[in-house]
Protein chains: 2
Amino acid sequence: MTDDLKLKIKQAAVEHFNKDGYHGATIRNIAQDVGCSLPMVYYYYKSKKELFYEIIKKDYFDIIARQANMLRITNLLDFYTQFVYQINHLSDYDKKVYRLGVKVYLSFDGDVELMEIMDKWEKNILPRHYELIMPHLKTQKDGVVVVRTLVHLMENLIESIVVKGRYISEDEIREELSIILQ
Amino acid sequence: MTDDLKLKIKQAAVEHFNKDGYHGATIRNIAQDVGCSLPMVYYYYKSKKELFYEIIKKDYFDIIARQANMLRITNLLDFYTQFVYQINHLSDYDKKVYRLGVKVYLSFDGDVELMEIMDKWEKNILPRHYELIMPHLKTQKDGVVVVRTLVHLMENLIESIVVKGRYISEDEIREELSIILQ
DNA sequence: ATCTTTCTTTAACGTTCGTTAAATATATTA
DNA sequence: TAATATATTTAACGAACGTTAAAGAAAGAT
């Protein structure tokens, strides 16, 4: 209820962390954007670091998990095209959170603790897609290489959308993925 | 001669900009690492911003240009495998400069002026590779899509090496690129 | 109506930042 | 050697930072 101020603070924080980075963003500017006094930020979050942590640990991984729990595969190419394409249509807030997550993933922001979480997550990426893809792979290609290449290409496409702020059409995505998926 | 202090300052700056980002890095820490007093940084660089600019505008684009001016193509796959693989063996300093450049390229650091330089550069990437690749493309595939996909995959591989600090073997690179180059 | 809890602000704290003025040392030139 | 130019330091400036103490306002409970 009144905790909608807490939410607005987090949203403004996402905005500022995005624009100026962790060190460049200031609690004062965040509070000013929200229209509340500076100590209100400390009323809801015990420090700047905790505010950043909540954004990454909760919001970012929520988006990632939501995306990972997508519907089952019928057609490999269709599935992965949608997997990437839908990111175009995330809310502005989610896109900014995603961008912050990528920044931590690339160790451009965050600290050791967040990097460890990212590393653990990253280790699951290839195996997870391998399990998804292998049953549907028709060709005699080396599956491990196909999965690795696919994941690398998708990482770049998602980065374009979420970090550089581009829109990539469904056709473009399908064209590129189809080269790898045969 | 004595300008080797200027160089040492820039090298320490690259280190700190890399570790802490533009806002997180401080002139004081840079000077301390070099072993000189703080104002010496201002003796050679008129501001923190100018120091960052020189690293990106001079050093980063030097690396990029050096890489772009590589030997001519005989075999497409060999060429691009080497194109990516050699990045593993850049000097530590060059890798850090490269990492900073990628950070600006992704608009995680820098300002409007640097972004414009990056945008202008980025516009040339696809056409340049298109001209390189097209004469050597044996298949009937759509060349534009192949080039785009290749560049996207390479961007991800280079980012892994330079930003995440991974080493990627020649075989791994060739395996992935060969999926796209036939 | 009073008491208590929750929300919010004013005002300041100590620290650190980018930057510069002024003085000093070192080297170069005459 | 005296004069000049270059290199370097000490010390400080004002501004902005993250954070907190203390007090006031609003809301809820008794």
Side-chain angles (χ1 to χ4, degrees), chain A residues 1-59 100 103-104 108-115, chain B residues 1-59 100 103-104 108-115:
Chain A
M1 181 65 64
T2 174
D3 264 18
D4 111 313
L5 178 56
K6 185 176 183 180
L7 181 63
K8 276 160 71 176
I9 288 173
K10 190 165 67 175
Q11 287 169 342
V14 167
E15 206 89 31
H16 281 84
F17 283 138
N18 244 296
K19 187 153 52 75
D20 304 318
Y22 178 80
H23 287 102
T26 74
I27 309 284
R28 275 169 180 83
N29 289 339
I30 292 169
Q32 183 165 329
D33 264 26
V34 174
C36 70
S37 72
L38 187 160
M40 281 310 293
V41 177
Y42 287 92
Y43 184 76
Y44 288 111
Y45 300 93
K46 86 173 200 292
S47 67
K48 184 184 187 181
K49 184 170 157 178
E50 196 197 69
L51 179 51
F52 189 74
Y53 270 39
E54 174 164 323
I55 292 166
I56 299 298
K57 283 168 131 172
K58 247 170 71 176
D59 292 31
L100 276 183
K103 201 167 172 183
V104 174
F108 281 140
D109 245 335
D111 56 11
V112 187
E113 182 181 337
L114 290 183
M115 267 317 292
Chain B
M1 185 61 67
T2 173
D3 264 18
D4 110 314
L5 177 56
K6 185 177 183 181
L7 180 64
K8 274 160 73 176
I9 287 173
K10 190 165 67 175
Q11 286 170 343
V14 166
E15 206 89 30
H16 280 86
F17 283 138
N18 243 298
K19 187 154 52 75
D20 304 318
Y22 179 81
H23 286 103
T26 74
I27 309 284
R28 275 169 181 81
N29 288 339
I30 292 169
Q32 184 166 329
D33 265 26
V34 174
C36 69
S37 71
L38 187 161
M40 280 311 291
V41 177
Y42 286 93
Y43 184 75
Y44 288 111
Y45 299 95
K46 87 173 199 290
S47 67
K48 184 184 187 182
K49 185 170 157 179
E50 197 198 70
L51 180 50
F52 189 75
Y53 270 38
E54 174 164 323
I55 291 166
I56 299 299
K57 284 167 129 171
K58 248 171 68 177
D59 292 32
L100 276 184
K103 201 168 174 184
V104 174
F108 281 141
D109 244 336
D111 56 10
V112 187
E113 183 181 333
L114 290 182
M115 267 317 291

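Throughout, a chain's letter reflects where its sequence line sits, starting with A, and its residues are numbered from 1. FYI, side chains are in, hydrogens and waters are out, and symmetry mates aren't considered; it's all heavy atoms of this structure. Note that this is a predicted model, so its numbers are computed, not measured.
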Shortest side-chain distance from A/Tyr43, nucleotide among D/dT19, C/dT6, C/dT19: C/dT6

Can you tell me how far the CG atom of A/Leu100 sits from the CG atom of A/Asp109, to the nearest 0.5 Å? 7.5 Å

B/Leu51 CG to B/Ile9 CD1 distance, which is reported to the nearest 0.5 Å: 8.0 Å

Whole-Å distance, B/His23 NE2 to C/dG18 P, equals 10 Å

Which listed nucleotide (C/dT19, D/dA11, C/dA11) is nearest to the side chain of A/Pro39? C/dA11

A/Leu38 CG - D/dA21 C1' separation (whole Å): 14 Å

Grab the OH-C1' distance between A/Tyr44 and D/dT19 for me, whole Å please. 18 Å

CG of B/Leu5 versus P of D/dA7: gap in Å, rounded? 10 Å

Whole angstrom is fine here: how far is it from NZ in A/Lys8 over to P in C/dT8? 10 Å

Could you tell me the separation between the NZ atom of A/Lys48 and the P atom of D/dT20, rounded to a whole number of Å? 14 Å

I want to check a possible cation-pi pair here: A/Lys48 against A/Phe17, using under 6.0 Å from ring centre and within 45° of the ring axis as the test. no

Using whole Å, report how far CD1 of B/Ile27 lies from P of D/dA11. 21 Å

To the nearest Å, give me how far apart NZ (A/Lys46) and C1' (D/dT19) are. 13 Å

One thing to verify: whether B/Lys49 and B/Glu54 come together as a salt bridge, which I'm taking to mean a side-chain N less than 4.0 angstrom from a carboxylate O. no

Can you see if the side chain of A/Thr26 gets near the phosphate of D/dC17 - specifically, an N or O under 4.0 Å from OP1 or OP2? yes

Give the nucleotide from the list C/dT20, D/dT19, C/dT8 with an atom nearest to the side chain of A/Tyr42. D/dT19

Over all strands shown, is A/Ala31 touching base, sugar-phosphate only, or nothing at heavy-atom distances under 4.0 angstrom? nothing

Considering only heavy side-chain atoms of B/Arg28, the closest of D/dT8, C/dA12, D/dA12 is D/dA12

Would you indicate which nucleotide in D/dT8, C/dT9, C/dT19 comes nearest to any side-chain atom of A/Met40? C/dT9

Measure from NZ or CZ of A/Lys6 to the centre of the six-membered ring of A/Tyr45 and say whether it is under 6.0 Å with the direction within 45° of the ring axis. yes

